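The analysis underlying the following values was restricted to heavy atoms, covering all of them including side chains, and did not include hydrogens, waters or symmetry mates. Count residues from 1 along the sequence. Quick caveat: nothing in here was measured; it's all calculated off a predicted structure.
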Amino acid sequence: MEPEPMSSDDRPEAAAAAAESAQQQTLEWRFSQVFGERAAGEDVQEVDIISAIEFDKSGNHLATGDRGGRVVLFERTDSGDSASRQELERQEYPIARHPEFRYRTEFQSHEPEFDYLKSLEIEEKINKIKWCQTANNALFLLSTNDKTIKYWKVQEKKVKQVSVMNLNTPRSSDNGSTSSLGTNSCTALLPNGGCSEKLYIPNNNVSFPPGGCTSLRLPVVVTGQDLNHVPRCRRVYAHAHDYHINSISNNSDGETFISADDLRINLWNLEINNQSFNIVDVKPANMEDLTEVITCAEFHPTHCNTLAYSSSKGTIRLIDMRQSALCDNHAKLFEEHDAPGSRSFFTEIIASVSDIKFARDGRHILSRDYMTLKLWDLNMNSRPVATFQVHEYLRLKLCDLYENDSIFDKFECCLSGDGLRVATGSYSNLFRVFGCAPGSEEASTLEASRNPMRRQVSNPARPTRTLTSLARTMRRGGENTSVDANGISYDLSTKLLHLAWHPTENSIACAAANSLYMYYA
């Protein structure tokens, strides 16, 4: 009997083509949730502005930090295990579940401090949050401000209450004297441990009869069913940085982490808070010779000996800690050289890398400078494999952006768990999502609001660097609003700096001032 010929759908080529088509399909983003949404015209308190966002590895928990030094934890409520097996078998196709999170708890992580030796105020603002490995149903995370890193443990504990008291609060009788509500006596010992005479408690002070009590009955503590989330600071890592801490990163070994400031990177052990090892030091002997500073540092997701750090010159250095104790020499240098004659006063400023992220597979690095997103392959350090223009319409505004300090804004970036898409923020509470798969032209502009597609524009993923399409210019000293190349107004005072991508799903959490918006596709 001859086998049936393979249909076109059964051929490996058809399957590969279908997979490639799915990769290149543009996602349709939908609004999911918002926390802390403010009403129209409502003023935002400075301490409530979100300054850090981070998903844990499972994606079931989300943490945010704000300028007031607080850390807020959210947990996912929709679970794929809620449907029965019969219901799943009746479904002809999988149903995309709506991701939902709920508020879990919050705590004060950092307080404002003052360095008396340097006459310097230390803000309580949370710069970074990183999740650590969970243990015994407890959550662990690192949070840092400019100077101090703290290791927190958040655990659910049942609320304990005293159900039976030996003595009750006194109450006044009709004649004005104070009588006790207790039922114990103090002359004869009863089988239950009580006493036959009452104790008198005048003015809330216990008075014992002559001869004292013949028995003592302890209060009964009962554990209820209510759960309370109790945060506890396990360790404090302080006095190791002379400059402001800009990043922290956990190692894949689960035992160590790094902290980076402008000139140094230190290696810590989670269990040791009074000692750290300096592994990178770019401080010159003469500070006048300083040409670049460290802007971000990140551990490799799987190789515990490898980390990368970026600089204000737009370079990314990959170092191997096995080479030497002090990693003065890098293993690889990722740098894109400017075209001859294209340099200007602003070239080095906008080239400064504000954030880097490793892809989940550890093969690629995503970097964000002021104007672009760049995707680097670890095996090719001469140029990025892809460059995405975030807000090219601002290139003619660099002089005005420099005058109002907007050119120094530090935007974060993130990658999807499958590595097929990247995202970053912009002004007017907008964020961009780009497809980075080969041949993908996906480029979405979304707004942090209940209608994310309201500001959708049809910009190409990699527009050419032309400046002729911009006609208007901002007024010097005027309002921070203007229009982009598509005629859409933008506001420099509302900027989306912080966002995070869910590790396993197409879901993005982003911060617009004090509001946390969540979207899914």
Any donor-acceptor N or O pair under 3.5 Å, side chains T295, S312: no
Is it true that W152 and F107 have ring centroids separated by less than 6.0 Å? yes
Side-chain donor-acceptor contact under 3.5 Å, T256 with W268: no
Side chains of N514 and D66: donor-acceptor distance under 3.5 Å anywhere? no
Tell me if the NZ atom of K153 is crowded by more than 12 foreign heavy atoms within 6.0 Å. yes
Is it the case that the side chain of S515 and the backbone of G36 share a donor-acceptor pair, with hydrogens and angles ignored and the cut-off at 3.5 Å? yes
Would you call R363-D377 a salt bridge at under 4.0 Å N-O? yes
For D369, is there an ion pair with K374 - N to carboxylate O distance below 4.0 angstrom? yes
With the threshold set at 4.0 Å, does a side-chain nitrogen-carboxylate oxygen contact exist between K147 and E113? no
I'd like to know if D418 pairs up with R360 as an ion pair, taking the criterion as any Lys NZ or Arg NE/NH1/NH2 lying under 4.0 Å from an Asp or Glu carboxylate oxygen. no
Say whether R368 and S354, considering side chains only, have a donor N or O and an acceptor N or O under 3.5 Å apart. no
Less than 4.5 Å apart, any side-chain heavy atom of R264 and any of V282? no
Are F431 and Y519 an aromatic pair, judged by ring center distance below 6.0 Å? yes
Any chance the side chains of S449 and E447 put a donor and an acceptor closer than 3.5 Å? yes
Does OH in Y116 sit with more than 12 non-hydrogen atoms of other residues, nucleotides or ligands closer than 6.0 Å? no
Between Y370 and F408, does the ring centre distance come in under 6.0 Å? no
Residues E298 and K357 bridged, charged N to O under 4.0 Å: no
Just do the side-chain hydrogen bond (donor to acceptor under 3.5 Å, both in side chains) check on T424 and R432 with the steps written out, would you? CA-CA 6 Å; T424 190; R432 308 292 308 277; over 6 Å; no
How are the rings of H300 and H303 set to each other: parallel, tilted or perpendicular (split at 30° and 60°)? parallel
Is the distance between the ring centroids of F299 and F358 under 6.0 Å? no
Say whether T372 and T387, considering side chains only, have a donor N or O and an acceptor N or O under 3.5 Å apart. no
Donor + acceptor pair across side chains of H229, R104 (<3.5 Å): yes
No-hydrogen, no-angle side-chain donor-acceptor test under 3.5 Å, Y427 and D409: yes
Would the number of heavy atoms belonging to other residues, nucleotides or ligands and lying under 6.0 Å from CD of E123 be above 12? no
Between E111 and E124, is there a side-chain heavy-atom distance shorter than 4.5 Å? no
May I ask you to decide whether R67 forms a salt bridge with E46, counting only side-chain N to carboxylate O separations under 4.0 Å? yes
Between Y151 and F140, is the ring centroid distance below 6.0 Å? yes
When you look at CG of D253, are more than 12 heavy atoms from neighbouring residues, nucleotides or ligands closer to it than 6.0 Å? yes
Heavy atoms of P301 and A359 approach each other most closely as CG-O, 3.5 Å
Side-chain donor-acceptor pair under 3.5 Å between D320 and N305, yes or no? yes
Salt-bridge test for K128 and E412: reply yes if a basic N is under 4.0 Å from a carboxylate O, no otherwise. yes
